[in-house]
Number of protein chains: 4
Amino acid sequence: MNTLGIGLIGTGYMGKCHALAWNSVAATFGTDIRPRLVHLGEVNETLAKQRATEFGFEKSSGDWRAVIDDPDVQIVSITSPNQFHKDMVIAALDAGKHVWCEKPMSTGLQDAEAMLMAAERTDRLCVLGYNYIQSPAFRQIETLVKNGRIGRVTNIRVEMDEDFMAAPDMLHSLKHRAESGHGALDDFAVHPLSLLQRLCGLPVEVMADAARPYETLKDAHGVDKKVETFDIASALMRFRDGLTGTLIVNRSAWGRKGRIALQILGTEGSILFDQERANEFQLYQRSDELEIQGFRTVLIAPIHTPYNHFVPAPGHGLGFNELKVIEANEILKALSGKPARLVDFSDGIQIERVVHAMAQSHASGKWTSTLG
Amino acid sequence: MNTLGIGLIGTGYMGKCHALAWNSVAATFGTDIRPRLVHLGEVNETLAKQRATEFGFEKSSGDWRAVIDDPDVQIVSITSPNQFHKDMVIAALDAGKHVWCEKPMSTGLQDAEAMLMAAERTDRLCVLGYNYIQSPAFRQIETLVKNGRIGRVTNIRVEMDEDFMAAPDMLHSLKHRAESGHGALDDFAVHPLSLLQRLCGLPVEVMADAARPYETLKDAHGVDKKVETFDIASALMRFRDGLTGTLIVNRSAWGRKGRIALQILGTEGSILFDQERANEFQLYQRSDELEIQGFRTVLIAPIHTPYNHFVPAPGHGLGFNELKVIEANEILKALSGKPARLVDFSDGIQIERVVHAMAQSHASGKWTSTLG
Amino acid sequence: MNTLGIGLIGTGYMGKCHALAWNSVAATFGTDIRPRLVHLGEVNETLAKQRATEFGFEKSSGDWRAVIDDPDVQIVSITSPNQFHKDMVIAALDAGKHVWCEKPMSTGLQDAEAMLMAAERTDRLCVLGYNYIQSPAFRQIETLVKNGRIGRVTNIRVEMDEDFMAAPDMLHSLKHRAESGHGALDDFAVHPLSLLQRLCGLPVEVMADAARPYETLKDAHGVDKKVETFDIASALMRFRDGLTGTLIVNRSAWGRKGRIALQILGTEGSILFDQERANEFQLYQRSDELEIQGFRTVLIAPIHTPYNHFVPAPGHGLGFNELKVIEANEILKALSGKPARLVDFSDGIQIERVVHAMAQSHASGKWTSTLG
Amino acid sequence: MNTLGIGLIGTGYMGKCHALAWNSVAATFGTDIRPRLVHLGEVNETLAKQRATEFGFEKSSGDWRAVIDDPDVQIVSITSPNQFHKDMVIAALDAGKHVWCEKPMSTGLQDAEAMLMAAERTDRLCVLGYNYIQSPAFRQIETLVKNGRIGRVTNIRVEMDEDFMAAPDMLHSLKHRAESGHGALDDFAVHPLSLLQRLCGLPVEVMADAARPYETLKDAHGVDKKVETFDIASALMRFRDGLTGTLIVNRSAWGRKGRIALQILGTEGSILFDQERANEFQLYQRSDELEIQGFRTVLIAPIHTPYNHFVPAPGHGLGFNELKVIEANEILKALSGKPARLVDFSDGIQIERVVHAMAQSHASGKWTSTLG
């Protein structure tokens, strides 16, 4: 059996999530290639050592370049803060490594373009970490849509909401400053757009608005500071062939914890999904007999691959972290030359161009093309 | 006890709904004024006679003017097609009658303005039939919002969806022709806007888009005819004081039967409501202890007046028609000089101006003021 | 058009509910027979007069016998406390009136048997007020079951829960004394049993247990008093042909307001219903394709008669009181010689025998036949 | 850091689940003890070898005794069919190994008693695999109940339903023969009982009934064979201090996939849970203000430990397999001398005695003590 030497940069939320995925993927899927957890990089060297032991890595470093330079490393998981993605990705690719970089590509379109160029000059795998497309429920939804099960899609709506920036008494922080980006659009919009990309393609024209719940917040010293970012954004979207839709994102929506709510309306039926209940989706079919027409709630089951690799019985549910295990398996499939379901840099930059166009349209108050 | 002589014009869906309300309101509320069902008007004289017997009216006519001229009639329920509202309302007011006219005021803003002028030159009651504001659940929601229970509202979203125009094989009809209006905006938008008007005021600026699921449909002769109206519309809304929101209406949304879904997000909590489950609403409060924070589903109960006038026990539920009974009671309260919860012509025309601005912004592709 | 002279005894919850039904039934259904609200009886004469005006009755009396003796009265709605049912029903039948008596028949089986005998010696209509069987959702469920849509029923579960006797600080009252009956079994069990009677017949053998949440409660003087009734009861049930089921009733179940939760499991599918969301039911069919199997939530629609008589559009919902309007219409149908859907005294006594057998089995600790 | 040598017997559903848990527990929890996957036993030697590679075990054997005898193995995960548990557990304990054995202990009470005796003569850890007690939602429910959040529990109901034995055309198999046990009681009842054990203790007296959906089924040769087991069972339960409850299990309940539905009713509130939506629970508190009383749906969040070890953000959800990771961590805690949340053999046998008493009461038709 082949092994794949894993390097991991970053040990935060996503770093741990990658580590768990690399630990579980072979046992879950019985993969041809078995990951070997080689080298963990984390700026705090002591922490790096501790996490390496916990996560099962052989080596650790305080310098991410050591991970990339390690000859035993063949793929680098990059889970550092977004502003470091560009340099790490380009260095890794130039060193001949495969790359699995968490979304978004970077903090600005220009950096993302540079990353795409680096990707285009290698034959290495360049994957962006878009785990929501991996969910068995979403895969089934995509299949239903593609098989025409709800006919032609006529209207699509997506909302992504959390409440981690909702509290009136939170302190003014980096996320409230313009340098951190536009706000909710940057934090969230790429996720629902990655779903739309697979369902109906990305919008070609957008018209967005944005708002902030608080004009000022106090900093740690009790001083009122202006909030410069937008925790709330909404957009009208026009797709090819007359399809329209809406996207709403909000990181100050009390009560919403991990909501990504999709409504897909078609000429023959409708599909609903909410990431907060990720193990089910709802389908309405107009072809059902009139007396018993209704949205059916489908619980994911072994028939909804790759759920079957986790549990052989229906209705037992997968967790968020297990989406990453599925994504890791897709990477191993790609490396084995099999068809794989992944967001590469070329797909990813299109998503980010849409976000950029939304921010622009908010600034200009005008419909804006996403095609650059 | 005083009686109130009722005239009713129209015997369709809303005509019957008014008739049922006038039949039940005294028994339900023990009103000071007792309605006396005097005169029913309906263009088909035979049908008028039959319905008068069924509905309990003393007289019937094939001519609506006979209803208005009847000296025993003190208030006229107008439930005819929208294009007739103007003439009927003005005639009724000029004859010194009170008016309860189904929404929308008319088919165009100009007619509505004429109706408003007629209203302003009388002291008669001029009520528009906006029953959704009467629901006990919505009343409680409004109270919670007004009492600051969810703090300051920071984002508001409303969707109204049905599927009666969703079928690909439906015949091309009047509703597909431009003469019937803009489409879903006209049919639906006034309802959610009547709710917003009470919760946070109407938007001052809007940006809308619209679409149609089918470019052409066959007529009764099998000939392809162009669809001119828009079954789908979405709008970005800006309110006073920085509040933003979205409104989406769709009369071709498979599986949706009477959906009016509200999401009201505030600095201290959130409220959710869906007219398809009109006897409940959901509330999230950030002040709840962390371990048990969640959306609570509140079933309407006697404490949520005027539910108590229908059933003394909680959780038994009201139906759609009973909203009209509540509205009739509000009219009787107004006629007794008590404070009443109603949409008058002055409120109503503001709602319709917003719809008009949305249609304009769709045509122009620009943000449009609703203030005229 | 024929009229039917209505007498009503009682002006409480159910009295008002009957009055509303008699006021609305003709307008709702366009009935052949039009009710004429003749005579209202209520022990408090002043209240009787007031309610007669509100409810639209021509006359009122402080003596129920005056209602029964009134020659203009052809049917008597009996909504007085249960202990008076027997005398009133027998007197009404003996006076040649039709009877619509609220459930249960009486406070003991012996009285009920006497009422049945009185019914058997007349040709008058003897109806018990079991409104839950009238719900459009339940009617559709019954049709689905009878048409074999879920195959043969293999297991049935029903729970009825409210919380009006849940508070630890409520005062000791009549309902806590043995003279008021067994407790939740008497208050509630007849309702779910009326549904089972139509779905799968009544159980032939039962085994019940019962409990009380509080051993003692304080009376108005602060004195601890023993609770003698049982607010909680559960029963195992055996039906003909090997079917088994469970019935659970609880009038001290915090949070439950009007729950009647049915689970009907069959060889080909399952059906779920909850009276707290009475305008919908859920159906699972094993014949659906595997990828999209799930419980579908069906909202009641015009196809689910007689919902269409109230609203011509789906998803708008009926309220609890409207079930009584449907029941009144069934009575008018029966009086016109048409097939009607009603619980007569012969059906009703069978329901009460089951409740009696449950109470007995609780006392004896043994499986008990319901067949007497 | 200490390591713990893992032996695993069995590679089916639960075998894989244990393997995944041992692979992930250190990375998830940053445990003091790091598992070392030493030896995998599986009767098919080729399969054993393949799975050992996939699961990351160093060695494999076709003979389970080799696993137990391996000096590098310190704990043995036993996931073989139930009839082999006794011999394996006793051999492992006698060899000085810790044991983590999947529930139920064995196929009969006598074997379980022998296992308990073996456990009592060692100081090794003897854990039964009851993963549902590990769920963050259930842990929070237990805490709420123990802290008196819903007052004293007055009524408890639990249902466990799946549909893998619901099809009328399934073939007659071992599970339909008496030698496989009683049926659904054996398969399912231990799970809900493990939850009750923690919430309110086990029942002291039970009264059960059971049924089968099909009297006969065809075998592979098309021959009708009698079904001897019971796919459906229901029980009345009496606990100490007057508490009563019901338990219903059904492995032929169409549409139910992994339902374990709990209703816990108390003097101050109620709690609801369903394993099919395992990442949430519902709480009703009578202390809430009347206008906003309702069941709140709480999504699991970092405050509900140990969810925080998997994801630092709320609402992202855990999957079924992750319960086993939590259970593995509890074992490591126990081995480190820390308090741990586990079902040991002494707890487990009490659960199985209740199941046994239920089966007996079904046979005798009488209330049966669970205390032996």
Side-chain angles (χ1 to χ4, degrees), chain A residues 1 12-14 16-32 34-35 37 50-51 53-57 161-164 255-259 274-280 296-301 307 309-323 325, chain D residues 1 12-14 16-32 34-35 37 50-51 53-57 161-164 255-259 274-280 296-301 307 309-323 325:
Chain A
M1 181 190 254
Y13 183 0
M14 275 300 125
K16 184 170 178 174
C17 193
H18 277 238
L20 284 166
W22 288 127
N23 266 290
S24 300
V25 64
T28 305
F29 286 94
T31 55
D32 298 334
R34 189 169 171 83
L37 281 65
Q50 184 193 328
R51 290 284 179 266
T53 310
E54 290 169 10
F55 294 175
F57 280 84
D161 296 302
E162 298 192 11
D163 64 4
F164 65 93
R256 303 305 198 179
K257 304 303 179 180
R259 184 174 187 241
D274 185 346
Q275 178 64 27
E276 284 184 359
R277 285 178 173 166
N279 290 301
E280 62 190 57
R296 63 184 77 186
T297 301
V298 183
L299 296 182
I300 58 166
Y307 172 82
H309 289 275
F310 293 85
V311 192
H316 283 59
L318 299 190
F320 173 81
N321 285 343
E322 292 173 311
L323 300 180
V325 180
Chain D
M1 179 189 255
Y13 181 2
M14 276 298 125
K16 183 169 179 175
C17 193
H18 277 238
L20 284 165
W22 288 126
N23 265 290
S24 299
V25 64
T28 305
F29 285 94
T31 54
D32 298 333
R34 189 170 172 82
L37 282 64
Q50 184 192 329
R51 290 283 178 266
T53 310
E54 290 169 9
F55 294 175
F57 280 85
D161 297 301
E162 298 193 10
D163 63 4
F164 65 93
R256 304 305 197 179
K257 304 303 180 180
R259 185 174 187 240
D274 184 347
Q275 179 63 27
E276 284 184 358
R277 284 177 172 167
N279 290 301
E280 62 190 58
R296 62 185 76 186
T297 301
V298 182
L299 296 183
I300 58 167
Y307 172 81
H309 289 275
F310 293 85
V311 192
H316 283 60
L318 298 189
F320 173 82
N321 284 342
E322 291 172 312
L323 300 181
V325 180

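Chain identifiers are assigned alphabetically (A, B, ...) following the order of the sequence lines, protein sequences preceding nucleic acid strands; residue numbering begins at 1 within each chain.
- If you measure heavy-atom distances from A:Gln50 to chain D, you find no contacts under 4.5 Å at all.
- Contacts with chain D were tallied for A:Gly315, A:Ala19, A:Ala27; A:Ala27 has the most, counting heavy-atom pairs under 4.5 Å.
- Between D:Tyr13 and A:His316, the angle of the ring planes goes over 60°, which puts this pair in the perpendicular group of the 30/60° scheme.
- A:Phe310 pairs by the ring-ring contact (aromatic ring centres under 6.0 Å, His included) definition with A:Phe29, not counting sequence neighbours.
- Legend: residues meeting side-chain hydrogen bond (donor to acceptor under 3.5 Å, both in side chains) with D:Asn23, ordered by chain and number and at least two apart, are absent.
- Using a 4.5 Å cut-off between heavy atoms, A:Leu299 touches chain D through its side chain atoms alone.
- Put simply, the residue from D:Gln275, D:Lys257, D:Arg259 that forms a side-chain hydrogen bond (donor to acceptor under 3.5 Å, both in side chains) with D:Asp161 is D:Arg259.
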